[in-house]
Amino acid sequence: MPEKPTFLTRPYLPPLEDFLPYLAEIWGSRQLTNGGPFHQQFEEALRQYLGVPYVSLFANGTLALMTALQALRVTGEVITTPYTFAATTHALLWNGIKPVFVDIRSDSCNLDEDLIEAAITPRTTAILPVHCYGNPCASERLQQIADTYGLKLIYDAAHAFGVSVGGHSLLEHGDVAMLSFHATKVFNTFEGGAIICHDLKLKQRIDYLKNFGFADEVTVVAPGINGKMNEFQAALGLLQLKHASHAIAARVEIDQRYRRAFASVAGVDCLTTAEGVKPNGGYFPVMIGADYPLSRDQLYEEFRRRDVRVRRYFFPLISNLPMYRGFASAAPANLPVATSIAKRVLCLPIYPDLDLETVDRIIEIILSIR
Ligand SMILES: *Cc1c(COP(=O)(O)O)cnc(C)c1O
């Protein structure tokens, strides 16, 4: 009997009846967007939940990142990772900025901080690292490099919702951190995003820019964009916050079950969670090595045959896409670690309502092939 399909990820949603009162309020007030009451409440509630000084809400993470680059007046060249989702570097191109790719570390899949300085040129204005899979970047070292060379530090923290190190949120780091609340992320508002910053003037500028540059009814201070989060998204965000810790705990339980099962399997390597890190279970990547009987792609096909959605994430590397591969830094010889990991990585299903029997079935598929 065919099993029911298993997804790579499934958006968490609260019970529908819990959302209806929020909808009734929106219908009653006719305040649909433009910084309405739910927007204000969610911004404040999120600020407190994340323990950060300033939050600016956005319609999605990509607009948030594009706006952050404008707000910080980033130009010229930006050092970034090839091992990410296309939106990270697309946000650079949309701002007329040239991405300079630097290789990643194999233990975290994050930008290798030891390789950054060699890539800095007189045109470099910023570093754009990604906390890949929610693994913390070497934030202190990155800040030190940014300070030494006078660079902005902008985190793509799309994977990092709820992750902390030694009790400190990853979002404390850098000039700004971008969050995504896309349906596939750990915390969703259908679509949505935010910029976290530590300076009221910067928040103000970000808020002008996301609203066409309007500072008040008659004053336009910059050629802004429409990046506003609407009331429907903000209301869902408010409700989702009540479930966020529970949803993360359910993900982390699945993460631990996979880890235990693969600990003794040759050729199936998990990334380790560094000391003191509270993870969010956003992704579960495994690296398929030469010791495993199947190649990564063969295992991928095997899962597909059994209706288990797994994903080669991130593959292909951003640096291999047509709009990037012409840059000198995109050469595979410059990015040996990222190139190797993109060939070996497979992300397994993980989401809050993935039941443990299904997790065991997925584990059994990997074990039975040995
Ligand atoms: C999802 C994601 C984004 C884009 O966020 P959206 O909200 O979908 O626009 C950017 N960077 C990374 C690393 C992501 O995973």
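The figures here come from the full heavy-atom set of this structure, side chains too, leaving out hydrogens, waters and symmetry mates. Every number for a ligand or one of its atoms is a count from 1 in the order of the listing.
- Just one residue in the list Y83, Y283, Y313 forms a side chain to side chain donor-acceptor pair (under 3.5 Å) with Y133, and that residue is Y83.
- For atom 11 (N) of ligand 1, the nearest protein heavy atom (residue, atom name, distance) is D156 OD2, 2.7 Å.
- In this structure, the protein non-hydrogen atom closest to atom 3 (C) of ligand 1 is F85 CD2, 3.8 Å.
- Remark: distances from the non-hydrogen atoms of A64 to ligand 1 are all 4.0 Å or more.
- Atoms of ligand 1 lying under 4.0 Å from any heavy atom of T84, numbered from 1 in the order shown and given with element: 13 (C).
- Ion pairing of K228 with E43 is absent here, as no side-chain N (NZ or NE/NH1/NH2) approaches a carboxylate O to less than 4.0 Å.
- Looking at ligand 1, you'll find an N or O of K185 within less than 3.5 Å of one of its N or O atoms.
- Protein heavy atom in closest approach to atom 9 (O) of ligand 1: T62 OG1, 2.6 Å.
- In summary, the atoms of ligand 1 found under 4.0 Å from a heavy atom of G192, numbered by their order in the structure, are 7 (O).
- Cation-pi geometry between R251 and Y12 is not met at under 6.0 angstrom from the ring centre and within 45 degrees of the axis.
- Under a 4.0 Å N-O distance rule, the pair E364/R306 does not qualify as a salt bridge.
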Enumerate, atom names and distances included, each donor-acceptor pair closer than 3.5 Å involving a side-chain atom of residues 259-277, sequence neighbours excluded.
from, atom 1, to, atom 2, distance (Å)
R259, NE, D255, OD1, 2.6
R259, NH1, L271, O, 2.6
R259, NH2, L271, O, 3.2

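- Annotation: S180 places an N or O atom under 3.5 Å from an N or O atom of ligand 1; distance criterion only.
- On a distance-only criterion, G61 and ligand 1 share at least one N/O pair closer than 3.5 Å.
- In this structure the side chain of Y149 never reaches within 4.5 angstrom of the side chain of T124, judged on heavy atoms.
- Using 4.0 Å as the threshold, E191 has no heavy atom nearer than that to any atom of ligand 1.
- Salt-bridge check for R312 with D297: passed, with a basic side-chain N closer than 4.0 Å to an acidic carboxylate O.
- Counting only non-hydrogen atoms, the option in H90, H159, H182 that gets closest to atom 8 (O) of ligand 1 is H182.
- Residue-ligand proximity, M178 to ligand 1, at heavy-atom distances under 4.0 Å covers atoms 10 (C).
- Here the shortest heavy-atom pairing between R47 and P53 reads CD-O, 3.1 Å.
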